[in-house]
Amino acid sequence: MQGFRAKFRIVTLVVVAVWIGLVALYGLLKPISNGCIMTYMYPTYIPISSPEGVSSAKYGLYLYHEGWRKIDFKEHLKKLSGVPVLFIPGNGGSYKQVRSVAAESDRAFQGGPLERTFYQEAFLTPEEGGLDFDEAGFQLPNHYTCKLDWFAVDLEGEHSAMDGGILEEHTEYVVNAIHRILDQYKASFDVRAKEGAATSGSLPKSVILVGHSMGGFVARAAIVHPRLRKSSVETVLTLSSPHQLPPVALQPSLGHYFAHVNQQWRKGYEAQTTRTGRYVSGPELSNVVVVSISGGYHDYQVRTKLESLDGIVPPTNGFMISSTGMKNVWLSMEHQAILWCNQLVVQVSHTLLSLIDSRTGQPFPDTQKRLAIFTRMLRSGIPQRFDWMMQSHIASQKPKHVPAACPSNVHWSDDGLDRDLYIETTTVTVLAMDGRRRWLDIQKLGSNGKSHFIFVTNLAPCSGVRLHLWPEKGMSTSNLPLSSRILEVTSKMVPLPSGPAPTQIEPGSQTEQPPPSAVFWLGPEDMRGFRFLTISVAPRPTVSGRPPPAASMAVGQFFNPEEGKIELPSVLMLQSIYSHKDMLVKEDHPVALNLSFAISLGLLPVTLSLKTVGCGIKNSGLQDGEAGNEENSRLCKLRCFPPVALVWDDTSGLHIFPNLYSETIVVDSSSALWSSNWNSEKTAVLLLVDPHCSYKTSIAVSVTAAASRFLLMYSPQVWEGKVCFRFIHWFIKLSCSFSSLKVVRVLRVNSLLVTALVAITLVCLVHPALGLFVLLLSHALSCHSMLCSFLTASFRSHAQRKELFGYKNKGNDGSEQFTSKFDGRSDRRLPLEEKSSNSLDSSKSFSDTQLEMFHHRHGMLILHFVAALMFVPSLVAWLQRIGIGESFPWILDSALCTGVILHGICNSKPEFNSFSLSFPGVPSRKMRLDFVYLVAGYYSYLSGLALAPDRVFYPMATIGILSFALRIVQRRNREKGEPNLGSRRHSHRH
């Protein structure tokens, strides 16, 4: 019965694991809608010749031109006068992927900067040097004076994410391409001057690098390359690029190259000193700005954690931002979609054009100016980290930015306002552009702990609504000191991505409440010293230049953040897996509800549903029958604006989910990892909901999304499993066919020595994977031989038992009895039960010994099979390059794989794990490697948690080298005639 229970538990565990795996694959492979708009272009690629001495047999350099007309390549190169930008494709990418961002850059230059809005802009934080930078004196350009010249390198679609050698060759060529681009500008300038053509502007001294995927890391590797000219690259923009670790961390040399480049970057931002500590010069990379853009939770190939610049680039020189928190984008996208998503490439194009100084026609040399431009163009006014509760405490620590007043060309006078309204409640509502000004008494309404004010609207700042802080109602500002004048705070409104506008069912009928497009908040520090807050709504006829919104809404409220705080502990989240949890949010609740999840939504995504259950309809005089469920829902949509969720994650930053009625909230976090921060397991969600309505909130963990995120978190690539399964099938077929050849008999004479020589030769001269395959073949043949010996011995033992014991049937009932052929000698052993010479335990038979050796060698086969699989992606990339350019393997890979081979050879039998060592004056002691294996296992486990599985080669190679050294010492002791406790010889008869 106990055996059945154990088997039932194992079967149940396997079924659950398979079910979770299938659910996870379904969640990953099902099509997703990212909301991106396709980008269209008319591409032309102009080849750039390489100078003599630079190998161009494999790679190439191209200049992009947008337009459908045919052009003369030579004449076009003569006219080069823009700012050079070099695009570097990623793993298996093409140089033609530059076409989307290059085409939009050309359109952006012709169309001019984006339309100016009056929302709050993002500023540099104190960590980024915001205290020392004059934000008020710096403005974005109002026109573009110089275009961008886009170049792209053709890397032949090689898989740079699989092999460190390929990555290093790409870096070498990118350095040559940068030099070639700068030389081409000088050559074009000289040709124009020789022909007497007009030459304006100065020659570019640096190239802007834009890299996608592994191309972003290649861009950073090129900057620290010793042959790169000084100051030839000062700005780097990466799209879905890994920076911390390789996305497929299987090859040791690849992880070593990443670590080497990152270490060079850390040193580059340190001051140069002598060994005695004397100052020599400033940091070498102090003028380099790096910005990393991640694709968010829809990017399954490169996780946001790998794209972070923490610990590599200081905050004063760069930052990472997710596309979900980018201004005018607000979308998560796949790994390839980030190249053509129109919302993103348009914003990137205008950002790069804004980097150009109109006076010089070149990018700003000042590092803080370039970083400030990236901050204003990419970030929104919403903080990237959730600090709502601490806003009043940290207000004094932030750089003080005085809100800008609305420009005079959109100003409407007080005479345009019909009459003033005096609000007596803590909540104010605007349902139409009525041209009225609403007065709110801060001292009265902001008492009883309600010291924060929030305002949610779909009206545009300045043209639709204005907000002012007044010291005293009706007092003239000219008689007051500067600190007490009326302060316009309209520009503190920050935009929100809004859903589709509601449609009017019939002419003249009321429409549904529109989604909010902006949020505005004031803390106690912002309202200190002021008595009144006014909300002025523009009259509809005064809005010019654009049509007013179909439906207008605005809701403001004085509230206490502690009242809307809801803690969701880990126990409740785990219980919601099988039973969703409901919470009722009654009317007159705070506009802002702060949900704090104890477990990161990157590990346990939740499905958050908000169902409107009431909006004061019954109090409006309707009969119960008239206020049914459908009618209730319809009428509440006319009164309640759609909820919005703002989600903050410690790793990926800001995510916004508009029109939240039922949505799976997921972030691209990296919780439950060894390298995770202490607070990264928590996710903060800020719900903006209408206070006039009551909601039934349902929270349930999405099993499909949770399984998918778990699979993504602990497997480097989704497609890697397909490659592994195909390779396993191919390897089994090859092993079966090869084992039948006659050459196998030759290997049996001295198989270990032949295996070691052949495997180490292939590892050092050809490719490490080939040497590991030879070791696997040796393991497979040994397992086959030992299993055959065990089966043969078992069969012969069974046959001899039949000869020694006679069986005969007695009676008609068919019962069977036996009689022994021995005369009272019951303790006599069978021949095959004698002690084996290969066993450490003298009580084991030959068949048991063979079975033990089979299990040991089979375990070695599985271990080294996993090691060989880790080199399969590198082998695929190596096979792709056969005939194009070959090179020797990396020394690190060869050395580690040699240690792995020694581990397989020197520990081919169970007794080889124990050694007898003796030293002068010390008696012989028996040593076993059990503790070393235990430490190596823990180290491998921690390496997996750190998303660096390539580090498992280090303990494996260490054990191999240690075993080889102990075998040599043991052999020398045996030659000296010293006793060997590691293995004993026993005789047996067959």
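The basis for the numbers below is simple: all heavy atoms, side chains too, and nothing from hydrogens, waters or symmetry mates. Predicted, not measured: the structure shown is a model, and the values here were computed from it. Counting begins at 1 with the first residue of the sequence.
In this structure, the separation between CG on Leu595 and CE on Met583 is 6.0 Å, given to the nearest 0.5 Å. With rounding to the nearest 0.5 angstrom, the SG atom of Cys462 is 6.0 Å from the CD atom of Glu488. Atom CH2 of Trp648 is separated from atom CG of Leu654 by 6.0 Å, given to the nearest 0.5 angstrom. Here CD1 of Ile699 is found 7.0 Å from CG of Leu572. Values are rounded to the nearest 0.5 Å. Here the CG-OH distance, from Leu496 to Tyr119, works out to 8.5 Å after rounding to the nearest 0.5 Å. One distance of note links CG of Leu584 with NZ of Lys611; it measures 12.0 Å at 0.5 Å rounding.
Looking at Thr457, its side chain does come within 3.5 Å of a backbone N or O of Met553 through a donor-acceptor pair. No donor-acceptor distance shorter than 3.5 angstrom exists from the side chain of Asp299 to the backbone of Gly296, with no hydrogens or angles considered. The closest donor-acceptor contact from the side chain of Lys581 to the backbone of Leu568 lies at 3.5 Å or more, if one exists at all. Judged by distance alone, with hydrogens and angles left aside, the side-chain atoms of Ser323 form no donor-acceptor pair with the main-chain N or O of Leu344 at under 3.5 Å. The main-chain N or O of His335 is never found under 3.5 Å from a side-chain atom of His298 such that the two would form a donor-acceptor pair. At least one donor-acceptor pair under 3.5 Å links the side chain of Ser694 to the backbone N or O of Gly614. In this structure, the side chain of Asp649 engages the main chain of Ser652 through a donor-acceptor pair within 3.5 Å. For Gln443 (side chain) and Phe532 (main-chain N/O), no donor-acceptor pair under 3.5 Å exists by modelled atom type. Here the side chain of Gln347 pairs a donor or acceptor atom with the backbone of Met377 at under 3.5 angstrom. A donor-acceptor distance shorter than 3.5 angstrom exists from the side chain of Ser332 to the backbone of Gly295, with no hydrogens or angles considered.
Between the side chains of Thr664 and Thr607, at least one donor N or O sits under 3.5 Å from an acceptor N or O. Checking Thr704 against Ser702 by side-chain atom types alone, no donor-acceptor pair falls below 3.5 Å. Asn458 and Ser517 are not linked by any side-chain donor-acceptor pair at a separation below 3.5 angstrom, with hydrogens and angles left out of the test.
A heavy-atom distance below 4.5 Å is found between the side chains of Met573 and Val606. Side chains of Val685 and Leu646 form no contact here, defined as non-hydrogen atoms less than 4.5 Å apart. A heavy-atom distance below 4.5 Å is found between the side chains of Leu687 and Leu608. With contacts defined as side-chain heavy-atom distances shorter than 4.5 Å, the pair Leu469/Val489 qualifies. Looking only at side-chain heavy atoms (C-beta outward), Lys682 and Ile599 stay at 4.5 Å or farther from each other. Under the 4.5 Å side-chain criterion, counting only non-hydrogen atoms from C-beta, Asp310 is not in contact with Met320. Under the 4.5 Å side-chain criterion, counting only non-hydrogen atoms from C-beta, Pro590 is not in contact with Asn560. The side-chain heavy atoms of Val329 and Val346, taken from C-beta on, include no pair separated by under 4.5 Å.
Applying the ring-ring contact (aromatic ring centres under 6.0 Å, His included) rule to Phe455 yields no partners; only residues at least two apart in sequence or on another chain are considered. The salt bridge (charged side-chain N to carboxylate O under 4.0 Å, His left out) check on Asp441 picks up Arg531, with sequence neighbours excluded. Every ring-ring contact (aromatic ring centres under 6.0 Å, His included) that Tyr297 has, sequence neighbours left out, goes to His655. Contacts of Ser576 classified as side-chain hydrogen bond (donor to acceptor under 3.5 Å, both in side chains), with partners at least two apart in sequence or in another chain: none. Partners of His468 by ring-ring contact (aromatic ring centres under 6.0 Å, His included), not counting sequence neighbours: none found. Listed by chain and number, the residues in a side-chain hydrogen bond (donor to acceptor under 3.5 Å, both in side chains) with Thr427 are Gln557 (sequence neighbours excluded).
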Next item on the list: Report the C-alpha separation of Asn342 and Thr39 in whole Å, then their side-chain angles, then the decisive distance to 0.1 Å, and conclude whether the side-chain hydrogen bond (donor to acceptor under 3.5 Å, both in side chains) test is met.
Entry: CA-CA 5 Å; Asn342 189 261; Thr39 304; 3.2 Å; yes

Check: Could you walk me through whether Arg379 and Glu121 pass the salt bridge (charged side-chain N to carboxylate O under 4.0 Å, His left out) check?
Finding: CA-CA 8 Å; Arg379 288 178 177 173; Glu121 295 181 336; over 6 Å; no

Note to self: Could you go through Ile535 and Val465, starting from their C-alpha distance and side-chain angles, then the distance that decides it, and tell me whether this counts as side chain to side chain contact (heavy atoms under 4.5 Å, CB included)?
What the structure shows: CA-CA 7 Å; Ile535 303 174; Val465 65; 3.9 Å; yes

Check: Given the rule in the side chain to side chain contact (heavy atoms under 4.5 Å, CB included) test, do Val585 and Leu593 qualify, once you have shown the distances and angles that lead to the verdict?
Finding: CA-CA 10 Å; Val585 181; Leu593 300 178; 4.0 Å; yes

Next item on the list: Take Ile665 and Phe597, measure what side chain to side chain contact (heavy atoms under 4.5 Å, CB included) needs, and give me the verdict at the end.
Entry: CA-CA 11 Å; Ile665 307 297; Phe597 291 88; over 6 Å; no

Note to self: Let's go through Thr426 and Asp588 carefully: what are the C-alpha distance in whole Å and the side-chain angles of both, what is the deciding distance for side chain to side chain contact (heavy atoms under 4.5 Å, CB included) to 0.1 Å, and is it a yes or a no?
What the structure shows: CA-CA 10 Å; Thr426 56; Asp588 297 328; over 6 Å; no

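In terms of heavy-atom proximity, Ile293 sits nearest to Val348 at CD1-CG2, 4.1 Å. In terms of heavy-atom proximity, Val537 sits nearest to Ala432 at CG1-O, 3.9 Å. In plain terms, the two heavy atoms of Ser600 and Thr683 that are nearest each other are CA-OG1, 3.4 Å. Across all their heavy atoms, Phe641 and Pro514 have their closest contact at CB-O, 3.7 Å. Of all the heavy atoms in Pro642 and Pro516, the pair that sits closest is O-CD, 3.6 Å. The two residues Pro658 and Pro497 make their nearest non-hydrogen contact at CB-O, 3.2 Å.
At a threshold of 4.0 Å, the pair Glu567-Lys565 counts as salt-bridged, since one of the basic side-chain nitrogens sits closer than that to a carboxylate oxygen.
Applying side-chain contact (heavy atoms from CB on, under 4.5 Å) to Arg466 and the options Cys406, Pro461, Ser491 leaves one that passes, Cys406.
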